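Lettering of chains follows the sequences in order, A, B, ..., and the numbering in each one begins at 1. Keep in mind that this is a model prediction, so the values were computed, not measured.
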Amino acid sequence: MSYDFTSIEKKWQEYWDLHGTYRTSDEPSKKKLFVLDMFPYPSGAGLHVGHPEGYTATDIFTRFQRLNGVNVLHPMGWDAFGLPAERYAMQTNIHPSVTTDQNISTFRRQIKMLGLSYDWEREVNTTDPGYYRWTQWIFLQIYGSWYDHRAKRARPVTDLIAEFAQSGTSKLDLGLYGGNAEQRPFTAAEWNGMTEPQRQAVLREFRLAYVAEIPVNWCEGLGTVLANEEVDEWVEKGYTVERKPMRQWMMRITAYSERLLEDAATLDWPASTVEMQKNWIGRSEGAELDFALADRPERLRVFTTRPDTIFGATYMVLAPEHPMVDLLTVPERKEEVERYRKAASLKSELDRGIDKEKTGVFTGGYAVNPANGKRIPVWIADYVLMGYGFGAIMAVPAHDERDWDFAKKFGLEIVEVVRSPHDVREKVHTETDGPCVNSSNAEVSIDGMTYDDAFRTIVGWFESKQLGRKRVNFKLRDWLFSRQRYWGEPIPIIHWEDGTMSTVPESELPLVLPNLAKFQPSGTTESPLALAAEWVQVTDPATGRKGRRETNTMPQWAGSSWYYLRYIDPRNTETFCSLEKQRYWLPVDLYVGGAEHAVLHLMYARFWHKVLFDLGHVTTAEPFMKLRHQGTILGENNKKMSKSLGNVVNPDDVVKEYGADALRLFEMFMGPLEEMKPWSTKGVEGVFRFLNRVWRLYLTEEDAVNPVIGDAVPSPELLRVYHQTVKKVTEDVPALRFNTAIAQMMIFINEAYRQERLPRSMMEDFLIVLAPFAPHIAEELRSRLGGAGSLFTSCAWVPYDASLTVADTVEVVAQVNGKIRAKFTAPLDTPEAELKALAMAEPNMRAHVDGKTVVKEIIVKNKLVNLVVK
RNA sequence: GCCGAAGUGGUGAAAUUGGUAGACACGCAGGACUCAAAAUCCUGUUCCCCUUAAAGGAGUGUCGGUUCGAGUCCGACCUUCGGCACCA
């Protein structure tokens, strides 16, 4: 019979399911590996061929490791909250959980159809209340924490409250808290005298999860805010997105900037991904400096990386949203300033970036350059961003490109303070290599110094006057955590009528989503949850006071920020993941997923993990030790697969036509895992032919074992190729080089076809080598040869003998002046002198050497003879 | 503009430490089997010159360098892809 992949694959998938072949248990005595795939969002479209790429890679790796006796945790689950299901519900009023469950069923069926060796008993689903109970619990842990910069870790807010009651803020560096408006200091007595709402307002500036009024991307049509990276997609679909200040939940990921950056260096991740995270965090060393205002007592704080150019600061610029704008604006400029602020507020930071032409208006106010005492004008301009530093800069037009452009446009003074090779009024000079000039006052001089000395000297001078200090700043912003959506985890917070808020008690978790009949946006800026009146309204049973539940929900990133932990202990109802199990399974040893998650998902998950680590809830500082991305699979026409281009390949069709083993094999044979590569139907046919060749090598048309296979001594060639094959696969699989491993297996099969006799034991062992790649056909052929049970539970990976991988003769190259003139065969390890003699015996070598002088001989054993002649 | 990765036959690719460039596939060409086709099997297949073979020449994005020898190391540049984009 021919290779009937459909029934074979069905048979073995049922067998594995029935026998729990891939069930994993905790076995602390055994070596463990945690092999993780990025879990999918179960969309209505089903699996596409991009999914099986990463999944197959980890599956081969997993099966290989298991055959080598390693206890492998390899689970799968669903990142199932998300906008598509909710949008569908808006149109149909079908509850998103219904569509979500349907989509999950499709995905599960498709994934099982590929013969992937997941332990399905550990399946997780972010929309399951039993799961999101713990997502909410983690939120409460984060809400209940603050970052202690002295200890460089998160601690419970209760510790902070105790500290305030005892010593107020005296032991804290308040410059590191409170964002742009620095937290005001207070004493223990003042704290103890505060009302509860006052205390909550103070604590808000410290908590790792907090509410803030910030400008967000509001999409009226969708009735929700959008993350920056989501905006383009919806604008393209015709929705309008506006900037709007709204009350939002934030996560203080910025507290972890330094640690996220430092620890990234310890990870075995693609260099480009680590680099992206570095850039995203954007660490820069500089100084914070206070400028006095000319006619007022207040001070204006700026961040600069070029304190060495302070003497050249000829004006200042505030972000339009800066809180001191009103104070600085003189009455006659009020109107113009207001108009500019209004216009700027409607533009997103994205829009501001697009138009590089500088704009801005003068406030009429002045500050004083602390270095030279000069009155300098204060402007507002949207090239200064409120979200970075202090939202204000000292402008040094001679040595900063942006300031130069601005000064040129508005006719502001440009003063050279770092020696430049040209007139700085003609061209900006941003290099730091020249000496400082025009940079001295009665107390300090940095003239003649270059950057490092000038930096140290001037910052020291500021420090001595208590007007500034060294400071590290980060580009990273806090994480906008709330969405005005129904289909997400409810945030377990209650807002009371007295203005305070409290958390939903742990014992009441999960706080389950109410059932809605309609899923339309609320019509206000609140989520559809606001329409569930009974759910929203709460009364404190103890005091009778009334409150409203938080109606915002969490973003899709929430559930995916910790799912890998739940796999370790998926059914635990006492805790999200027991420490004991973590100690065995953490960290994730291999994580494979798309590069599109290089920053966001991987940064958020690292952040949550670190908070949980600080609080003692997880056992490692980092979640994912080794990360690899699978490359994008393009359509046959070398373009990104998309419905509109009609080049989408459906795994169902491929499996139907060629089988799962062929699909798996082809996805791995296309090229290196991480590379982008185009789909090729011809390529699938190629590996399908290979599987057929394997089948026919083992079995005759009549379904009997091929009579060629029996008691036989292998030929030297076959023996060598066999050991080469086992060696290559054994080395390539852990390194995730599947394409070359498959090529080597093809070489073995080609060699086997040349043989008149094939040793049975060798042919049995080859099936074990093939099994991680094409598990169904391997199981079937093994059972046809008389093997009982499953290969994966009955067999161990096969050894190879390195000494048998080399032939006893080698082909040696004879070169003259580096050019190949002849090739000859010589016994392995022929001495160099003999190699030379053999080379010289080649007629064509004589032709190139005779009559010339040999000036140098290079002889590399088993490789080449190279004669340099003149 | 800045940061990162990559450029090898007609195509996907291989060559892990500087040592036979193009393994393994796809495609194509020729042949065997067949009444025929499909499937299968065999042979060939980097390019140029040549009737063929031998021999020769060129060749891993471009130009240059180091070396007996460079896809691999160094320098400059070009192209493609990914990311960031007024971050003071």
Find the distance A:His629:NE2 to B:G4:C1' and express it as a whole number of Å.
12 Å

What's the gap between B:G22 and B:G75 when it is taken at their C1' atoms, as a whole Å value?
28 Å

Please check: side-chain N/O of A:Arg243 versus main-chain N/O of A:Ser345, any donor-acceptor pairing under 3.5 Å?
no

Is any side-chain nitrogen or oxygen of A:His848 closer than 4.0 Å to OP1 or OP2 of B:G56?
yes

Spacing of A:Gln277 atom CD relative to B:C84 atom P, expressed in whole Å:
13 Å

Which of these passes side chain to side chain contact (heavy atoms under 4.5 Å, CB included) with A:Met316: A:Leu300, A:Val384, A:Leu328?
A:Leu300

Look at the side chain of A:Arg696 and decide which nucleotide, out of B:A14, B:U16, B:C41, has an atom nearest to it.
B:C41

P-based separation of B:A13 from B:C2 [nearest Å]
29 Å

Quick test: give all pairs of protein nitrogen or oxygen and nucleotides 24-28 of chain B nitrogen or oxygen below 3.5 Å, distance rounded to 0.1 Å.
residue: B:A25; atom: OP1; partner: A:Asn750; partner atom: ND2; Å: 2.6
residue: B:C26; atom: OP1; partner: A:Arg689; partner atom: NE; Å: 3.0
residue: B:C26; atom: OP1; partner: A:Arg689; partner atom: NH2; Å: 2.8
residue: B:G27; atom: OP2; partner: A:Arg689; partner atom: NH2; Å: 3.3

Out of B:A88, B:C3, B:A14, which has the shortest distance to the side chain of A:Asn279?
B:C3

Would the A:Tyr315 and A:Phe410 ring centres measure less than 6.0 Å apart?
no

With a 4.0 Å cut-off on heavy atoms, is A:Asn739 in touch with a base, just the backbone sugar-phosphate, or nothing at all?
sugar-phosphate

Applying a 4.0 Å non-hydrogen cut-off, can you work out what A:Lys728 is touching in the nucleic acid: base, sugar-phosphate, or nothing?
base

Between B:A15 and B:U72, how many Å separate the two C1' atoms, rounded to a whole number?
10 Å

Residues A:Thr725 and A:Gln744: side-chain donor-acceptor under 3.5 angstrom
yes

Test item: side-chain donor near acceptor, A:Glu636 and A:Thr681, under 3.5 Å:
yes

Provide a list of protein-nucleic acid N or O atom pairs under 3.5 angstrom, restricted to nucleotides 69-73 of chain B.
none

For RNA chain B, whose closest nucleotide is more 5', that of A:Arg737 or that of A:Asn473?
A:Arg737

Determine yes or no for a side-chain-to-main-chain donor-acceptor pair under 3.5 angstrom, with A:Asp403 supplying the side chain and A:Val396 the backbone.
yes

Taking the minimum atom-to-atom distance to the side chain of A:Glu811, which one of B:G12, B:A88, B:U20 wins?
B:U20

Taking the P atom of each, how far is B:A76 from B:A23, in whole Å?
34 Å

I need the CZ-C1' distance between A:Arg754 and B:C41, as an integer number of Å.
13 Å

Picking from B:A88, B:G56, B:U16, the nucleotide nearest the side-chain atoms of A:Arg821 would be B:G56

From the options B:U20, B:G4, B:C84, select the nucleotide whose nearest atom is closest to the side chain of A:Ser272.
B:G4

State plainly whether the residues A:Glu357 and A:Lys409 are in salt-bridge range, i.e. N to O under 4.0 Å.
yes

C1' gap between B:C35 and B:U46, integer Å
41 Å

C1'-based separation of B:A53 from B:U8 [nearest Å]
29 Å

Taking the side chain of A:Asn844 as heavy atoms from C-beta outward, which of B:G56, B:A88, B:G12 is closest to it?
B:G56

Check every atom of B:C3, B:A88, B:C68 against the side chain of A:Glu275 and return the nucleotide holding the closest atom.
B:C3

Contacts table for residues 808-820 of chain A: side-chain donor-acceptor under 3.5 angstrom, sequence neighbours left out:
residue: A:Asn817; atom: OD1; partner: A:Val869; partner atom: N; Å: 2.9

Short side-chain N/O contact from A:Thr740 to OP1 or OP2 of B:A23, under 4.0 Å
no

Base, sugar-phosphate, or nothing: which does A:Pro270 touch, judged by heavy atoms less than 4.0 Å apart?
nothing

When rounded to whole Å, the CZ to P distance for the pair A:Phe474 and B:C84 reads 20 Å

Using the ring of each side chain (for Trp, its six-membered ring), is A:Phe688 parallel, tilted or perpendicular to A:Tyr658, with breaks at 30° and 60°?
perpendicular

Dump the pairs, protein N or O against N or O of nucleotides 47-50 of chain B, anything under 3.5 Å, distances to one decimal.
none

Relative to A:Tyr383, does A:Lys358 satisfy both conditions: NZ or CZ under 6.0 angstrom from the six-membered ring centre, and within 45 degrees of the ring's axis?
yes

Measure from the side chain of A:Lys856, starting at C-beta and using heavy atoms only, and say which of B:G12, B:C68, B:C84 lies closest.
B:C68

Paired stems touching RNA chain B, three or more consecutive Watson-Crick or G-U pairs with both distances under 3.5 Å?
B:1-7 with B:78-84, B:10-12 with B:24-26, B:27-32 with B:40-45, B:46-48 with B:56-58, B:61-65 with B:73-77

Which is it for A:Arg720 and A:Glu717 under the salt bridge (charged side-chain N to carboxylate O under 4.0 Å, His left out) test, yes or no, and what are the steps along the way?
CA-CA 5 Å; A:Arg720 187 171 67 249; A:Glu717 293 77 29; 5.3 Å; no

Under 4.0 Å, counting only non-hydrogen atoms across every strand here, what does A:Lys863 touch: a base, just sugar-phosphate, or nothing?
sugar-phosphate

Scan A:Asn862 against the nucleic acid and name what it touches under 4.0 Å (heavy atoms): base, sugar-phosphate only, or nothing.
nothing

May I have the step-by-step check of salt bridge (charged side-chain N to carboxylate O under 4.0 Å, His left out) for A:Glu731 and A:Arg737, ending in yes or no?
CA-CA 9 Å; A:Glu731 289 170 354; A:Arg737 290 189 300 255; 5.6 Å; no

Do the charged groups of A:Glu288 and A:Arg469 touch, with an N to O distance under 4.0 Å?
yes

Sequence neighbours excluded, the answer for side-chain contact (heavy atoms from CB on, under 4.5 Å) partners of A:Glu275 is A:Lys278, A:Asn279

Remember a base hit wins even if backbone is also touched, and classify A:Ile820 as base, sugar-phosphate or nothing at under 4.0 Å, heavy atoms.
sugar-phosphate

Could you check whether A:Asn750 and A:Arg693, counting side-chain N and O atoms only, form a donor-acceptor pair closer than 3.5 Å?
yes

For A:Gly312, does its backbone N or O pair with a side-chain atom of A:Thr309 as donor and acceptor, under 3.5 Å?
no

Record whether the side chain of A:Lys278 comes under 3.5 Å of the base of B:C3 through a donor-acceptor pair of N or O atoms.
no

